[in-house]
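Residue numbering restarts at 1 for every chain, and letters A, B, ... go by the order of the sequence lines.
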Number of protein chains: 2
Amino acid sequence: MATTIDDVARAAGVSTSTVSYVLSGKRPISAPTRQRVERAVRDLGYRPHAGARALASSRTNVLALMAPLRVDVNVNVIMQFVTGVVTAARAYDHDVLLLTADEVAGLERVASRSMVDALVMMDIEADDPRVPVLVGLRQPAVLIGLPRDPAGLSCVDLDFEAAGRLAVRHLARLGHRRVALLGSPRAVLERHTSYAERMLRGFTQEVADAGLEGVFEPCESDMAGAVASVDRVLERLPDVTGLVVHNEVALPWVVATLRERGRRVPDDVSVVAVCPADVATNQPLPLTSVDIPAHTIGKVAVEMATARIEADQPAETRLLTPVLVERASTAAAPG
Amino acid sequence: MATTIDDVARAAGVSTSTVSYVLSGKRPISAPTRQRVERAVRDLGYRPHAGARALASSRTNVLALMAPLRVDVNVNVIMQFVTGVVTAARAYDHDVLLLTADEVAGLERVASRSMVDALVMMDIEADDPRVPVLVGLRQPAVLIGLPRDPAGLSCVDLDFEAAGRLAVRHLARLGHRRVALLGSPRAVLERHTSYAERMLRGFTQEVADAGLEGVFEPCESDMAGAVASVDRVLERLPDVTGLVVHNEVALPWVVATLRERGRRVPDDVSVVAVCPADVATNQPLPLTSVDIPAHTIGKVAVEMATARIEADQPAETRLLTPVLVERASTAAAPG
DNA sequence: GTGAAAGCGCTAACAG
DNA sequence: CTGTTAGCGCTTTCAC
């Protein structure tokens, strides 16, 4: 145990630098030497010391991921982002250091101690306090979400504004004239969380453009909240026929409540969910939905991050085009 | 930027070792020197380089956490474990490197490259393939869960066997004679996941000891699965009056299905949930429950891990005593 | 195509 | 109580 690069060099009868170059591939090595080295590496079970490598090369091969492990946000979706990031990171030969959202100082710490090569940030708010911190760091950062001012950082997210428009347009095409958006919990909105605001903007714009009547209600992520929000919608817009739901946790309760209030889905009310595809298909009634490709977004975030580690590329913002899949919860407007 | 310990030493007019010792507190420093150093550290915004420190001290101040980010396991509970671990880790001045369960090679990697000081492992199976790997490493490891043979590793978990007994005993005291356990999904059982098996064992034992009639049904983590399992129970034991549910996701559907089948809760059927307290209280009907203290378990795991980093203490197994809290879902047996 | 050697930034003897 | 210095294990010039 504790074999070093020198042990390998000795065993292979070469110099340490040759071993290093065989491992990194940063300069041509003759086939025979390469093989002797590779053999020695295998025989000795050699593993380079991460700290030593980081010290000498200023590369850690570690990414920081700041995830909101609060309970009020949707845990399922978060998890999908996280697995997307971790999986992609491994594909780029990186590990992931997990930071929780309540620890803004953690960013400063892991960055300035050179613990990571880049940072990926989830759950971005419009005026996120982490953004100014991030721009001050030497490591590249990628935001999953879209702040009001990216300030030169890379961003990636689903185009929620387009998603809102897409959902409304689908309902409009089916002849619906009175529609509602059931959105994120109040707390999320009050933080001005980017995706919630963009979703609302898209919804509102398309409602106006299509000349529809539309209302918006926040929705808490539990049964009571879902029931209350549905009732408020029915109160404000009694003859509503189209519902866009952007709240994965409330989804089952929303549909159940509609039924309890005597509205059949999709006969009386059509429902478009905005959520990961598997959530939409796992409901008792498969829901027409605009997919949130959490896994893909996580992967893209890692790709953008690693790309900026290597080369000093400029930052960019990538908004993924939303896709709507029709399932059993939408139909032509009644009457 | 990129200030080193030598910069600090120069600025404070002391030697590098003095700076190092001020920072680590590993030897007494006079008040005046300490203050000069601390001032210089603050003025220069000095942050020790993690790699250099790891290289020189063989300490990374990083913990590896292997979490099952699969979808079939309960995401909410996982999240609570993870936050428990991360929060506790910070309290012990450690960061957390996140590994996913499908990456057994990751253990070997982060350990042999000296990327972490210790490893914490979740979702342990009876004959977990990671256990033999773990014993071969130089770093201490803590299992959250209980394999058939801990092989000298530290373990911590809720005492699920006692939890199963406790739930049954509670029902027995209320006069229930026919009880059922709705457990984990089939896939979890087939992996021989430790907690599921221990829960079943405790349930079965207490049913026998108390002379009750009892049946067990696995339960998938979705609505259809919950409905099916409830129906199977009602078929096998038509006059069942007590139900123990160890599946957080299915919980709401189970209660709803009971109602739909004409069984009032708790008038006709009493329900004891085994889940985190907040899950039990957030149901439409607050459920009597045996708490799964995920946050605490995560914290204890970190404490055990860090304790074994410092001193070469022997391994130990800690099983937390379950606590049952009565809420609105249990009552005296009918008739 | 390969080697020798100078660091990377820090810790921990050892020496006062 | 403080300073000097020898590494920790690797990468990367520079030299051949």
*Can you list every pair that meets salt bridge (charged side-chain N to carboxylate O under 4.0 Å, His left out) and has a residue in residues 76-98 of chain A, with sequence neighbours left out?*
A:Arg90-A:Asp95, A:Arg90-B:Glu103, A:Asp95-B:Arg109
*asked:* Can you pull out every salt bridge (charged side-chain N to carboxylate O under 4.0 Å, His left out) where at least one residue sits in residues 37-51 of chain A? Sequence neighbours excluded, please.
replied: A:Arg39-A:Asp43, A:Arg47-B:Glu108
*Quick one: bend of the helix from C:dG1-D:dC16 to C:dG16-D:dC1 from 5 pairs per end, to 10°?*
30°
Name every donor-acceptor pair, under 3.5 Å, that has one atom in a side chain of residues 22-35 of chain A and the other anywhere in the protein, sequence neighbours excluded.
from: A:Ser24; atom 1: OG; to: A:Ser20; atom 2: O; distance (Å): 3.3
from: A:Ser24; atom 1: OG; to: A:Lys26; atom 2: N; distance (Å): 3.3
from: A:Ser30; atom 1: OG; to: A:Thr33; atom 2: OG1; distance (Å): 2.2
from: A:Thr33; atom 1: OG1; to: A:Ser30; atom 2: O; distance (Å): 3.3
from: A:Arg34; atom 1: NH1; to: A:Ile29; atom 2: O; distance (Å): 3.3

*Tell me, which pairs form a side chain to side chain donor-acceptor pair (under 3.5 Å) where one or both residues lie in residues 292-303 of chain A, sequence neighbours left out?*
A:Tyr92-A:Glu303
Taking only residues two or more places apart in sequence or in another chain, which ones pass side chain to side chain contact (heavy atoms under 4.5 Å, CB included) with [X]?
{"X": "A:Arg59", "result": "A:Ser57, A:Asn61, A:Asp117, A:Ile309, A:Glu310"}
{"X": "B:Thr4", "result": "B:Asp6, B:Asp7"}
{"X": "B:Ser58", "result": "none"}

*Answer with base, sugar-phosphate or nothing: what part of the nucleic acid does B:Ser58 contact at a heavy-atom distance below 4.0 Å?*
nothing
*With sequence neighbours left out, what residues match A:Arg130 under salt bridge (charged side-chain N to carboxylate O under 4.0 Å, His left out)?*
A:Asp128
*Which nucleotide span of DNA chain D, 5' end to 3' end, has atoms closer than 4.0 Å to non-hydrogen atoms of chain A?*
D:dG9 to D:dC14
*Kindly indicate whether the side chain of A:Arg10 and the base of C:dG3 share any N or O donor-acceptor pair separated by less than 3.5 Å?*
no
*Who are the ring-ring contact (aromatic ring centres under 6.0 Å, His included) partners of A:Phe160, not counting sequence neighbours?*
A:Tyr195, A:His246
*In B/S/- notation, 5' to 3', how is nucleotides 6-12 of chain C contacted by protein heavy atoms closer than 4.0 Å?*
-BBBBSB
*Are any of the side-chain nitrogens in B:Arg191 or B:Asp123 under 4.0 Å away from the carboxylate oxygens of its partner?*
yes
